[in-house]
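There's a structure below that I have some questions on.
In the text below, chain A, chain B and the rest are named by the order of the sequence lines, each starting its count at 1.
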Amino acid sequence: MELSKNYLPTPIESKWYEHWLSKKYFSSKPDEREPYTVVIPPPNVTGVLHMGHCLNNTIQDILIRRARMQGKNACWVPGTDHASIATEAKVVAMLRERGIAKSSLSRDEFLSYAWEWKDKYGGIILQQLRKMGCSLDWDRTSFTMDPDYYDSVINVFIDLYKKGHIYRGKRMINWDVKAQTALSDEEVIYKEVQSKLYYIRYAIEGGNADNNNFGTTELTPNKDYITIATVRPETILGDAAICVNPTDERYIHLHGKYAYVPLINRKIKIIPDEYVTLDFGTGALKVTPAHDMNDYQLGNKYNLEVIDTMNDDGTMSEAAQLYIGEDRFEVRKKIIPALEAKGHIVKIEEYTNQVGFSERTDVVVEPRLSLQWWVSMKNLATPALDSVLNDDIHFHPAKFKNLYRHWMENIKDWCISRQLWWGHRIPAWYAPDGTYAVAKTAAEAVIEINKKAATSFSIEQIRQDDDCLDTWFSSWLWPFEVFKGLSNPGNEELKYYYPTNTLVTAPEIIFFWVARMIMAGHEYQHQKPFKDVYFTGIVRDKQGRKMSKSLGNSPDLLGLIDQYGADAVRFGIMIASPAGNDILFDESALEQGRNFNNKLWNALKLVKGWEDRIAVTTHNNQTNNFALDWFETRLNQVSIDVDAMLTQFRLSEALKTIYSLIWDDFCSWYLEWIKPGFEQPIDTEIYHKTIGYFEKLMQLLHPFMPFITEEIYHLLKPQSEDLCVKQYAPIASINTEILTGGELLKQVISSLRDARNKNQIKPKDTIKLHINTANVVSYHAIESILTKQVNAAEIFYTTSSVPNTIMVNVEKDQFFIEAEKQLDTAAMKASLIKDLTYEQNFLASVMKKLGNDKFVQNAKPEVIELERKKQSDAEARIATIEESLKSL
RNA sequence: GGGAGCAUAGCUCAGUUGGUUUAGAGCAUCUGCCUUACAAGCAGAGGGUCCGCGGUUCGAACCCGUGUGCUCCCA
C-alpha cells in the first residue's frame with residue numbers, strides 16, 4: 001500500500017468519526033462499570049464555534065476519551081442553551097430585515113418566529129463539534145427549553161417562591177419611553193453627545209439666600225448657597241439630597257445641613273460620601289434616586305426618599321409638582337429660564353458625555369425604577385460555599401477558591417426577571433388591583449388571587465407577567481435536569497450519572513453559572529453537581545486582546561480545521577494552555593500540530609517500509625536489545641508520568657511530554673538506533689516490538705489527537721478492535737538503571753557530534769573513536785549504536801590519551817576523535833578551559849556550602865549526602881579535563 | 001470604588017509543600033547538512049541580575065514586607 005508523502009487529514013477525520021458513531025462508542029447507558037460523566041457547558045443555541053468552544057470542548061473530549069480507555073462508562077452530554085437575550089436579539093434583527101417590528105407582533109406570533117428561527121439555525125454548533133472529534137453522546141442532546149426542562153424551570157420558580165426565597169423588589173432598569181418597555185443592557189447603545197452642563201445654586205437653610213429670588217441680596221458661596229452641576233436640570237424636581245466628598249474642605253462645614261430644591265423648595269440634606277469626585281463640576285452632586293443608577297445606590301445607603309418624577313411615556317408625573325404631563329425634553333428647555341428668572345443659574349458650559357439610546361427606537365433611554373423578581377441568595381449560598389471550601393468540590397487551579405469564597409461571602413440577591421419574550425415566562429399573574437399570585441396556571445392563580453384580594457376576579461381579568469427568567473435560572477439546573485432529575489425525580493440514570501465528574505468552563509462565569517449550579521445541586525439533589533471544576537483560560541489573539549467580532553480577530557475555526565486538520569487544531573490549542581491561564585492564540589501552534597501529524601505519518605512510513613524485509617537475524621543482537629529495553633522502559637516511565645499529570649489536570653504538560661517522547665525519544669533516538677541499513681533486513685523481534693511500541697504511543701496520544709492515532713493504529717497491522725475503545729494496560733515497574741544508561745549514551749552521541757561540528761568534520765566523513773573508560777563492558781552494549789550515530793569507522797578502547805586527536809569529555813570518560821583533519825589545538829584548549837572553569841565554579845559553590853558549619857549542622861542528611869556526591873563528581877570531572885589539557 | 005491574580009530566555013510558559021549538579025521546555029534565532037521516513041526535516045549551538053528593594057533562613061525563582069508595571073472580575 002502506497003502512503004501519501006504528507007499526512008492528509010480531511011478524508012481520514014470524517015471517515016473515523018462516522019465509524020465511531022456507527023459503532024455507538026459514544027453512547028452510554030448505565031451498567032456495572034464506574035461512570036465518568038461530563039455535561040457540556042451548553043453553548044448558545046444561536047452560536048457558532050469559536051476558539052473558546054474549541055479549547056473548552058477539546059479539554060472535555062480529552063478527559064472523556066481517557067476515561068473511556070480506562071474502562072469507565074464515559075458519558076458526555078451535549079446540548080444548547082436558549083440564551084434569551086442573544087437569541088431574542090438575533091430574531092428581532094432578522095424580523096427587522098424583513099421589515100417586521102417586534103412591537104407589531106403579539107407574543108405568540110413573535111415566539112413562533114423565534115422557534116422557526118431556532119429550528120433552522122439552532123444547533124449548528126453541535127454539528128461543528130463533530131468536526132473537532134468530540135465524543136459526545138448525541139442521543140442525549142438537551143435544550144434548556146425542551147418541554148420537560150421548561151416545566152422544571154417553572155416548578156423551581158414556584159418552589160423557591162413558596163419557600164420564601166423569591167420576592168419582588170425594585171431595581172433600576174433601562175426604560176424606552178417610546179416603546180414603553182424595559183430594555184436589557186445589551187439593547188442600550190451609548191453614543192457621544194454634545195450636552196450642556198448647568199451650574200445651579202441651591203439655598204442653604206439658615207443662610208441669607210431667598211430660594212425664590214437669589215438676586216436681591218449679597219450672598220456668600222457655600223454659606224448662603226451651594227452650587228451643583230448637572231446635565232439633566234429637569235431631574236432636580238426629584239432631588240432627595242446633595243452629596244459632597246467627606247474630604248472636600250470647601251464643604252466640611254455643611255455636612256448634615258440642609259438645602260432647598262429650587263422652584264419647589266423641598267428641604268434636602270447635604271451628606272458626605274466618597275462616591276463624589278472632588279474635581280468634577282463643583283464637587284457637589286445632586287442625588288436623584290429615582291432617575292440615576294448611582295444615585296439610587298446612594299439613596300439606598302442613606303435611606304433617601306425615592307421621588308419618581310416621570311411617567312411611562314417620558315412626561316412629568318404628579319410627583320414632579322411642576323410641568324405635570326409635559327415631555328422631559330420640553331421641560332429641560334422650560335426649566336432653565338424659570339431657574340434663571342429666580343437667579344439659580346451660575347453658568348452653562350458645553351459638555352460631551354455618553355448617553356444611552358434605545359437600540360429599537362433610538363430614543364434616549366431613561367433609567368427608571370421597576371418591580372422585578374429576585375432570588376434571595378443567603379440561604380442557598382451557605383452549603384454551596386462550604387462544599388468548595390472543604391474540598392468536596394475541587395477547583396483547578398485552586399486559586400479560584402479564594403475568589404469564589406469572597407464572592408459567596410458577599411453575595412447579593414439575584415435579579416431573575418428579564419424584559420424579553422424568548423425564554424421561560426414568569427409564572428406570576430396580576431389582578432387589575434395589583435394583587436398577584438405565583439402559580440403554574442391561570443386557573444390556579446385566580447384562586448390564589450381571590451383568597452388575597454378584596455374583590456373577586458375572573459380568570460379573564462388576570463394577566464400573566466410579560467417577562468422571562470434570566471437564562472442562568474434555567475442553566476443552573478443543567479447537571480441534573482439533563483438526566484431529568486426534576487421532571488422524573490430519583491430515576492435510575494440520575495442515580496448512576498449524578499453527581500457528574502468534571503465541569504470544564506471559563507472563570508468568567510464562575511458566579512453566573514458555576515456557583516449557581518452548586519446551589520441548585522444542593523437545593524434539589526442534596527448533592528454537589530460535580531466533583532472537579534477545570535477552569536480554562538480565555539483565548540486571546542497574539543497581541544493579548546480578547547477575541548471579538550468588532551476587532552475581527554476571531555479566526556474561522558472550520559477554515560482552520562480544513563487547513564490543518566482537527567488533530568492539529570486540538571494540538572495547537574492544548575500545547576500551551578495550562579489551567580486557568582489565558583491562551584495567546586497563534587497560528588504557528590497549529591503549524592506545529594500539523595508538523596507533528598506529519599512526523600507521525602513519516603514514522604509510520606518508515607516502519608511500514610520494513611514489512612517486506614522481516615528476518616530472523618543475530619546481527620547486532622546485543623546492541624538492539626539495549627535499544628529495545630531502553631525504549632520500553634522510557635515508554636513505561638512516560639506513561640506513568642502522563643497518567644499522573646492527567647489525574648492532576650495538567651493537560652498541557654501531559655501533551656508536551658507525549659510530544660517529546662514521540663518526536664525525540666522514539667523518532668530521533670530509538671528509530672535511528674534500530675533502523676537497518678539501506679535494504680537490509682530487520683530483525684523479527686525488533687520489528688514486532690517496534691510495532692507494539694508504536695501502538696502504545698498512539699494509545700497514549702489518542703485522547704489529544706483522536707483521528708490520526710486511530711488511522712495509524714489500523715495501518716500498523718490488522719486490528720481486531722478500535723483504538724478509541726482499546727483499554728489501557730497496566731504498566732510494569734521500571735528499571736531506572738537502564739534509563740541512566742540511555743541518557744549517558746545520548747549525551748555521548750551529542751557531545752561527539754558537537755565536536756565533529758565544531759571541528760568541521762563533514763557528516764559523511766568517518767572517524768576513528770578511542771574511548772578511555774573504566775566501564776568498557778557497558779560500552780560494548782552500545783558500541784554499534786555509537787558507531788552508527790557518530791559515523792565512526794572503528795572504535796578502540798584505550799587507557800591513556802591518544803595524541804593528535806580531538807578530545808571530548810563526558811562525565812568521567814574521555815573520547816578521542818581521530819580524523820583526517822587539521823587539528824585546531826587552540827580552539828580545543830579554549831573549549832576545555834571553558835568546561836574547566838564551569839566545573840571549578842560549580843565545585844566552589846558546593847564547597848562553600850559544605851564549608852558552612854551551620855549548613856552541615858542544620859540541613860537534612862540526604863541533602864548533605866547529595867552535596868558530597870556533587871563534590872566528588874565535580875572533582876572527578878575536573879581531573880579528567882585537566883588530564884586532557886595536559887596532553888595537549 | 002471593592003476584590004482577585006500575574007511578573008522566569010526574543011515570544012509563550014513549566015518549575016508539585018525552600019536543597020535533585022551555579023534555572024527547564026516549545027517556538028523563534030544562529031551554524032552545518034537536500035544523510036533512501038520526514039527540508040512541514042536532520043545534527044548541533046547560543047541565549048536568563050528568575051521585575052526592583054528589603055527581610056526570614058545554613059540555604060530563596062519559591063516564604064514575608066514594600067515599590068513598580070500589567071491583567072481580569074464585580075460595581
For this session: Test for a donor-acceptor pair under 3.5 Å between the base of B:A40 and the side chain of A:R594, counting only N and O atoms.
Result: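 In this structure, the two groups form a donor-acceptor pair.
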Exercise. Are the aromatic rings of A:F535 and A:F400 close, with centres under 6.0 Å apart?
Worked result: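 Aromatic pair counts; centres sit under 6.0 Å.
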Exercise. Between A:F666 and A:Y693, does the ring centroid distance fall short of 6.0 Å?
Worked result: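 Ring centroids of A:F666 and A:Y693 are no less than 6.0 Å from each other.
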Problem set entry | Of A:K656 and A:E839, the one whose closest RNA chain B nucleotide lies more 5' |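 Of the two residues, A:K656 wins.
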For this session: Give me the residues of residues 858-866 of chain A where at least one heavy atom lies under 4.0 Å from an atom of RNA chain B, by number, or none.
Result: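 Listed by number, they are A:N858, A:A859, A:V863, A:L866.
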For this session: Counting heavy atoms from C-beta on, name the nucleotide in B:C38, B:U22, B:A45 closest to the side chain of A:S845.
Result: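 Looking only at heavy atoms from C-beta outward on A:S845, the closest nucleotide is B:U22.
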Problem set entry | A:K758 side chain, from C-beta outward: closest of B:A37, B:C58, B:A45 |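 It is B:A45.
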For this session: Write down the atom of A:A384, the atom of A:A515, and the distance for their closest heavy-atom approach.
Result: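 Nearest pair, atom of A:A384 first, then A:A515: CB-O, 4.4 Å.
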Problem set entry | Closest to the A:L403 side chain, choosing from B:A14, B:C42, B:A4 |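 Nearest nucleotide to the side chain: B:A4.
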Exercise. So does A:N595 get a side-chain nitrogen or oxygen closer than 4.0 Å to the phosphate oxygens (OP1/OP2) of B:G41?
Worked result: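 So the side chain of A:N595 is within the cut-off, an N or O lying under 4.0 Å from OP1 or OP2 of B:G41.
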Problem set entry | hbond_proxy A:E672 side chain to B:A43 base (donor-acceptor, 3.5 Å cutoff) |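 No pair found.
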Exercise. Are any of A:S668's side-chain N or O atoms less than 4.0 Å away from OP1 or OP2 of B:A43?
Worked result: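 Yes, within the criterion.
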Would you tabulate the pairs of protein nitrogen or oxygen atoms and nucleotide nitrogen or oxygen atoms of nucleotides 27-31 of chain B closer than 3.5 angstrom?
none

For this session: Please determine, for the side chain of A:W663, which listed nucleotide (B:U21, B:G41, B:A45) has the closest atom?
Result: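 Selected nucleotide: B:G41.
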For this session: Start with the C-alpha distance between A:Q637 and A:R634, add both sets of side-chain angles, then the distance that settles side-chain hydrogen bond (donor to acceptor under 3.5 Å, both in side chains), and finish with yes or no.
Result: CA-CA 5 Å; A:Q637 181 204 30; A:R634 181 85 188 114; 2.6 Å; yes
Problem set entry | Check: B:C38 base within 3.5 Å donor-acceptor of A:K605 side chain |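 In this structure, the two groups form no donor-acceptor pair.
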For this session: Using the closest heavy atom to pick a nucleotide of RNA chain B for each, name whichever of A:K764 or A:A874 lands nearer the 5' end.
Result: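 Looking at the nearest nucleotide for each, A:A874 comes out on the 5' side.
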Problem set entry | Nearest listed nucleotide, side chain of A:K834, among B:U21, B:A14, B:G46 |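 Nearest to the side chain of A:K834 among the choices is B:G46.
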Seminar exercise, completed: Secondary structure of RNA chain B per the Watson-Crick/G-U criterion (both distances under 3.5 Å; [ ] crossing, | other strand, . unpaired) is (((((((..((((.....[....)))).(((((.......))))).....(((((..]....)))))))))))).
